[in-house]
Asker: 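There's a structure below that I have some questions on.
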Protein chains: 2
Amino acid sequence: MPTSSAQHQHRLPQHLLRAREAVMAYFRPLLNSVGLTEQQWRILRLLDDRGEMEAGVIADLACILSPSLTGILVRMEKAGLIHRSRDKVDSRRLIVSLSKEGRQLTREVAPLSNACYRQIEAHFGEEKLELLISLLNELEQLPAPVALSEDKALLTEADR
Amino acid sequence: MPTSSAQHQHRLPQHLLRAREAVMAYFRPLLNSVGLTEQQWRILRLLDDRGEMEAGVIADLACILSPSLTGILVRMEKAGLIHRSRDKVDSRRLIVSLSKEGRQLTREVAPLSNACYRQIEAHFGEEKLELLISLLNELEQLPAPVALSEDKALLTEADR
DNA sequence: TCAATGTGATTAATATCTTAACATTCTGAG
DNA sequence: CTCAGAATGTTAAGATATTAATCACATTGA
């Protein structure tokens, strides 16, 4: 019989995943109804908020790895939501900007998205939500982990 | 210029995503080193903790949609980690159980996984982590959202 | 008993994730 | 100037996510 006390703590990634599922359930119907994926919506908001930007920056801010981003941006351009162009100075860099249609769609959907958020806020409580977000913010700042092979002496007796 | 105060709050899904990324960075190297995916590891732990169970239960607990689960379980069986069989009484149900090799691997990896968790705990603080997890737990309990079409009057002036 | 309905899993099609390998383009030391 | 190494995207290949449709079996009710 496993040591259930130790097991309990082990669910941080799971909890983050499940919490995100619960939240996304509020947004998904809206995004589906306008034919956007989660990732596309994240990118649209970024571009509307901050203006045109490089692909690499989008990848960082939207938490999308570049191999995924490549395809996503191609499809978004094909759908008429964005424009893609190369930086004149450094042609490695890909500049992404919102198209007129993309901007219009974003501004149509944003208030509906906000309304979804308000529902969550109403259920969960405004203060608690702020507390949660600030904790998440801190968690995001975790230092990069030490390489596994470099330190195998991390095992505690309690872990065994 | 967008109303940045409203925008800020809108990042709950983003924060959950980024926080999860930060955390998974600690576990990924370990899982890669033993050739397991995140999903496979979640399933192994479930089975080791609770014993054999139906596919549907796994889907719920591990946050994996059944179409994905079908393939994952096939691959895990092919890898010799689990056994799949049909319920004698109700042959619609798929019973999944840990194989000897699967159990052994799970118990080899678990302490290493625990060690990763301790690192996170050490950086973030034990109390804060517990607080965070309890908040996440609550968030997971959010009621299912009201259907979009049924109530379009959710829009607040502030959202526009 | 049988048709209607419901449930659990799978298939299909498309999108995204993940790791590794490449291709280009820049940059800087020599 | 130039060539090795770094930075930025892209391809490739396999695994998972997502939605819709379907299959097989169960259950219910007339």
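Proteins come first, then strands; the chains are lettered A, B, ... in the order of their sequence lines, and each starts at number 1.
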Asker: Calculate the interatomic distance between Ile72(A) atom CD1 and dT14(C) atom P; express it in whole Å.
Answerer: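 Ile72(A) atom CD1 is separated from dT14(C) atom P by 17 Å.
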Asker: On DNA chain C, does the nearest nucleotide to Ser68(B) precede the nearest nucleotide to Ile64(A) from the 5' side, or the other way round? Give the residue.
Answerer: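 Nearest nucleotide further toward 5': that of Ser68(B).
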Asker: For Leu69(B), does its backbone N or O pair with a side-chain atom of Ser66(B) as donor and acceptor, under 3.5 Å?
Answerer: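 Such a contact is absent between Ser66(B) side chain and Leu69(B) backbone.
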Asker: Counting only side-chain N and O atoms of Arg75(B), is one of them less than 4.0 Å from OP1 or OP2 of dT16(D)?
Answerer: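 True: Arg75(B) side-chain N/O within range (under 4.0 Å) of dT16(D) OP1/OP2.
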Asker: Any ion pair linking Asp48(B) and Arg45(B) (charged N to carboxylate O, less than 4.0 Å)?
Answerer: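 Result for this pair is no, no salt bridge flagged.
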Asker: Under 4.0 Å, counting only non-hydrogen atoms across every strand here, what does Val57(A) touch: a base, just sugar-phosphate, or nothing?
Answerer: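 If one applies the 4.0 Å heavy-atom cut-off, Val57(A) turns out to touch nothing in the nucleic acid.
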Asker: Taking the side chain of Arg84(B) as its heavy atoms from C-beta onward, which of dT11(D), dT10(C), dT19(D) lies nearest to it?
Answerer: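 From the listed options, dT10(C) comes nearest.
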Asker: According to a strict under-4.0 Å criterion, is Arg86(A) in side-chain N/O contact with OP1 or OP2 of dT10(D)?
Answerer: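 For dT10(D), OP1 or OP2 has a side-chain N or O of Arg86(A) closer than 4.0 Å.
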Asker: Between the base of dT24(C) and the side chain of Arg92(A), is one N or O donor paired with an acceptor at under 3.5 angstrom?
Answerer: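 Answer no: no donor N or O sits under 3.5 Å from an acceptor.
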Asker: Whole-Å distance between dC26(C) P and Leu94(A) CG?
Answerer: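 Value for this atom pair: 14 Å.
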Asker: Report which part of the nucleic acid Val74(B) touches: base, sugar-phosphate, or nothing (heavy-atom distance under 4.0 Å, all strands).
Answerer: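 Result for Val74(B) = nothing.
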Asker: Take the protein atom CD of Gln40(A) and the nucleotide atom P of dT14(C), then report the distance between them rounded to whole Å.
Answerer: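 Those two atoms, CD and P, are 15 Å apart.
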Asker: Only one of Arg42(A), Met53(A), Arg103(A), Met76(A) passes side chain to side chain contact (heavy atoms under 4.5 Å, CB included) with Leu47(A); say which it is.
Answerer: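 Among Arg42(A), Met53(A), Arg103(A), Met76(A), the one that satisfies the side chain to side chain contact (heavy atoms under 4.5 Å, CB included) with Leu47(A) is Met53(A).
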Asker: Aromatic rings His123(A) and Tyr26(A): how do their planes relate, parallel, tilted or perpendicular, breaks at 30° and 60°?
Answerer: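 Plane angle over 60°, so perpendicular.
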Asker: Do you see a donor-acceptor pair shorter than 3.5 Å between the side chains of His15(A) and Glu140(B)?
Answerer: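 Yes, because at least one side-chain N or O of His15(A) sits under 3.5 Å from a partner of the opposite role on Glu140(B).
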Asker: Under a 4.5 Å side-chain heavy-atom rule over Ile, Leu, Val, Met, Phe, Trp and Tyr, are Ile43(A) and Val57(A) clustered together?
Answerer: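 Cluster IDs for Ile43(A) and Val57(A) match.
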Asker: As a test of reading the structure: which of dT10(C), dC17(C), dT11(D) is closest to the side chain of Thr70(A), going by heavy atoms?
Answerer: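 Looking only at heavy atoms from C-beta outward on Thr70(A), the closest nucleotide is dT11(D).
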Asker: Does Ser91(B) put a side-chain nitrogen or oxygen below 4.0 Å from OP1 or OP2 of dA26(D)?
Answerer: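 The answer is yes; a side-chain N or O of Ser91(B) sits under 4.0 Å from OP1 or OP2.
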Asker: Can you tell me how far P of dT16(D) sits from CG of Asn32(B), to the nearest Å?
Answerer: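 Going from Asn32(B) (CG) to dT16(D) (P), I get 12 Å.
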Asker: Of Glu54(A) and Glu21(A), whose nearest nucleotide on DNA chain D comes first from the 5' end?
Answerer: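 Result of the comparison: Glu54(A).
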Asker: Verify the contact: side-chain N or O of Arg93(A) to OP1 or OP2 of dT25(C), cut-off strictly under 4.0 Å; return yes or no.
Answerer: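 Answer is no, no contact under 4.0 Å.
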Asker: Tell me the interatomic distance from Met53(B), atom CE, to dA9(C), atom C1', rounded to whole angstroms.
Answerer: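 One finds 16 Å between C1' of dA9(C) and CE of Met53(B), rounded.
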Asker: Taking atom P of dT16(C) as reference, at what distance in whole Å does atom CG of Leu36(A) sit?
Answerer: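 So the two atoms are 10 Å apart, to the nearest Å.
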Asker: Just to be sure I understand the rule, does Thr37(A) reach a base, reach only the sugar-phosphate, or reach nothing, if contact means heavy atoms closer than 4.0 Å?
Answerer: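 Sugar-phosphate only.
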Asker: Could you check how far CD1 of Ile58(A) sits from C1' of dT16(C), rounded to whole Å?
Answerer: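 Result: 16 Å.
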Asker: Find the distance Met24(B):CE to dA15(D):P and express it as a whole number of Å.
Answerer: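 Rounded to whole Å, this separation is 18 Å.
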Asker: Starting at the 5' end of DNA chain C, which residue's closest nucleotide do you reach first, Lys88(A) or Gln39(A)?
Answerer: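 Final value for this comparison: Gln39(A).
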Asker: Would you indicate what Ser66(B) reaches in the nucleic acid, counting non-hydrogen atoms under 4.0 angstrom: base, sugar-phosphate, or nothing?
Answerer: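 Answer is base: heavy atoms of Ser66(B) come under 4.0 Å of a base.
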